[in-house]
Amino acid sequence: MNKKMFCFQCEQTAAGSACTGKAGVCGKKADTAALQDQLTSQLIDLAISARGNERYLTPAIDKMVLECLFATVTNVNFDDHVLTQLIDRVEREKARFNDKHSCQHDGCQSSTNYDISQLWNSNEDIRSLKSLILFGIRGMSAYAYHANVLGYHDKEVARFFYKALCAIGSQDAEMDTLLPVVLETGAINLRCMELLDKANTETFGTPEPRQVSLTVEKGPFIVISGHDLYDLKELLKQTDGTGINIYTHGEMLPAHSYPGINKYPHLKGNFGTAWQNQQTEFADIPAPVLFTTNCLMPPKPSYIDRVFSTEVVAYPGVTHIGEKRNFTPVIQKALSLGGYAKDMHFTGINGGKSVMTGFGHCTVLSAADTIIAAIKEGMIRHIFLVGGCDGAKPGRNYYTEFVQKAPEDSLILTLACGKYRFNDLNLGTIGGLPRLLDMGQCNDAYSAIKVAQALADAFQCSVNDLPLTLVLSWYEQKAVCILLTLLHLGIKNIWLGPTLPAFLSPNVLDFLVEKYNITPVSTPENDLTKMLSH
């Protein structure tokens with residue numbers, strides 16, 4: 001493959017096929033892509049080396065694997081120096097492991113030197129299935145990492161990463177041996193999301209519905225983006241009493257619903273609309289922005305001095321906050337910039353002045369009797385889960401129009417950053433509940449699954465027999481692992497867009513369509529007609 005790079009792991013990939021030039025659409029340069037490929041190759045080598053000796057793997061090694069996989073997720077790490085350091089760490093760990101433990105299985109490949117380009121150049125069906133596994137565990141690594149930060153671990157989840165990496169590196173894998181691993185990726189991701197849900201609720205409390213203002217008050221402030229609630233909690237503690245207000249951005253919005261976080265009065269509201277608008281919205285704000293996970297776009301020179309990163313996020317020229325989470329540089333920058341001289345009243349994409357969040361599975365299930373009664377009485381004819389990732393490519397207005405055109409006797413659940421297309425709309429109420437219920441971050445797909453399973457139990461039917469339709473938007477690898485979880489659960493009739501993944505070969509796509517009835521979105525009008533006719 002005579003290309004400068006090869007990457008097709010996200011929805012915006014060039015020409016709907018693959019990014020192959022000097023840089024990807026996300027801004028990742030070819031040299032950076034090569035280092036991420038090398039890092040992945042080293043992880044596969046480590047997994048193969050450890051096969052048969054998994055009992056000797058330590059929590060420190062497990063954490064390193066999570067960090068390295070997470071660093072390869074789209075819009076996380078653009079820093080070649082940091083990636084080189086990660087590669088060196090894996091190489092040293094593999095060497096130490098091989099020195100201490102000899103391989104105990106037949107056909108040991110502890111001296112393997114796997115090259116990920118073998119995957120990109122392999123049979124398209126094998127490449128497709130291995131890509132589903134690879135991108136699935138990359139997404140799952142983010143969830144496992146967040147749980148790990150809070151001190152929550154699961155040995156079964158940790159060990160599966162090695163199994164999946166070995167499957168990717170297998171030289172003789174066939175479709176019938178890879179398909180079970182694809183579905184197992186979904187099964188383990190469900191376990192991983194359950195672990196993170198437990199970690200978040202036991203640490204920060206059970207989410208509660210909360211109205212969040214989009215107004216930024218005068219005075220110094222900090223914007224915090226990403227998914228990691230621990231980073232937000234630490235920032236709130238360190239800014240308490242400083243006169244600095246804190247505003248969430250992107251997937252950090254649902255943090256407002258956790259009692260252990262919203263108890264801080266200087267957590268004021270949410271700033272900005274969709275994550276892909278950051279290069280415009282951050283251009284001239286008089287405040288620093290802290291990125292805790294993926295969603296970082298290459299900062300423009302006009303504001304790069306106001307951008308900070310932490311955890312696995314890295315970009316050349318951006319100040320990085322280390323593992324001890326000393327946010328003093330961010331605080332000093334906020335104080336020096338001073339914020340706005342007066343209150344600034346911003347709106348969502350559709351002109352709304354506030355948004356609501358906090359309808360996790362505990363809140364929704366507490367109203368289950370109301371929902372069930374409303375369905376039985378005909379007040380709620382259909383439930384739509386309209387969620388997933390947002391992105392910059394044309395076609396994403398589909399989800400705004402879909403929600404606007406959904407019948408008034410339908411309930412709409414949403415989660416992840418795709419909700420920014422419509423979460424400031426006032427859709428009214430139904431059966432005493434808001435028609436639009438924001439269930440949280442992308443990992444809170446676990447909440448949606450819990451609700452769907454509870455409704456199925458109440459109506460004594462399968463999830464596929466409920467008046468429920470999943471309308472999903474995907475962008476990066478966390479959406480991939482969630483999709484695999486839904487497939488593992490046997491959930492069918494999923495509508496996926498705005499385009500189908502480039503890494504799905506025709507044969508693999510045909511299999512998913514035939515077995516699970518995955519359907520690409522078309523127009524809101526046509527799709528709604530078909531969805532409501534079943």
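Because only heavy atoms are used, hydrogens play no part in the values below, and waters and symmetry mates are left out as well, while side chains stay in.
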Stepwise side chain to side chain contact (heavy atoms under 4.5 Å, CB included) check, E408 with I430: CA-CA 8 Å; E408 293 185 0; I430 184 169; over 6 Å; no
For the student: nearest non-hydrogen atoms of C389 and W474, plus distance: CB-C, 3.9 Å
Side-chain donor-acceptor pair present, N189, T485, cut-off under 3.5 Å: yes
Parallel, tilted or perpendicular: ring planes of H382 versus F384, cut at 30 and 60 degrees: tilted
Donor-acceptor contact present, side-chain D424 to main-chain G351, <3.5 Å: yes
Set of side chain to side chain donor-acceptor pair (under 3.5 Å) partners for K353, sequence neighbours left out: none
Residues which pass side chain to side chain donor-acceptor pair (under 3.5 Å) with Y420, listed by chain and number, not counting sequence neighbours: N270
Single hit among Q276, E11, R396, Q12 for side-chain hydrogen bond (donor to acceptor under 3.5 Å, both in side chains) with Y475: Q12
Residue of the set D457, L470, L468, L486 for which side chain to side chain contact (heavy atoms under 4.5 Å, CB included) holds with V463: L468
Geometric class of the H146/H227 ring pair [parallel <30°, tilted 30-60°, perpendicular >60°]: parallel
Taking every non-hydrogen atom, the tightest pair across N245 and K268: OD1-CE, 3.3 Å
With K28, the side chain to side chain contact (heavy atoms under 4.5 Å, CB included) member among V25, T32, D31: T32
Backbone N/O of V157 and side chain of D154: donor-acceptor pair under 3.5 Å: yes
Check against side chain to side chain contact (heavy atoms under 4.5 Å, CB included), V313 and N75: CA-CA 8 Å; V313 186; N75 294 92; over 6 Å; no
Atom CG of D240 with >12 non-hydrogen neighbours under 6.0 angstrom: yes
E311 with R325: basic N within carboxylate O range, under 4.0 Å: yes
Set of side chain to side chain donor-acceptor pair (under 3.5 Å) partners for Y152, sequence neighbours left out: E202
Ring geometry between F221 and F271 (parallel below 30°, tilted from 30 to 60°, perpendicular above 60°): tilted
Any donor-acceptor pair under 3.5 Å from T58 side chain to I61 backbone: yes
Ring centers of Y446, H361 separated by less than 6.0 Å: yes
Pairwise side-chain contact, L57 with D62, heavy-atom cut-off 4.5 Å (strictly under): yes
Distance-only polar pair, side chains of S257 and R210, donor-acceptor under 3.5 Å: no
Aromatic ring pairing Y258/F204, orientation class (parallel under 30°, perpendicular over 60°, tilted between): perpendicular
Basic-acidic side-chain contact under 4.0 Å: D80, K29: no
Under 3.5 Å side-chain donor-acceptor pair for T363 and E208: no
S354 side chain to Q211 backbone, donor-acceptor under 3.5 Å: no
Rounded distance [0.5 Å steps], CD in Q38 versus CG in L43: 11.0 Å
Whether over 12 other heavy atoms sit under 6.0 Å from K333 NZ: yes
Backbone N/O of T74 and side chain of Q477: donor-acceptor pair under 3.5 Å: yes
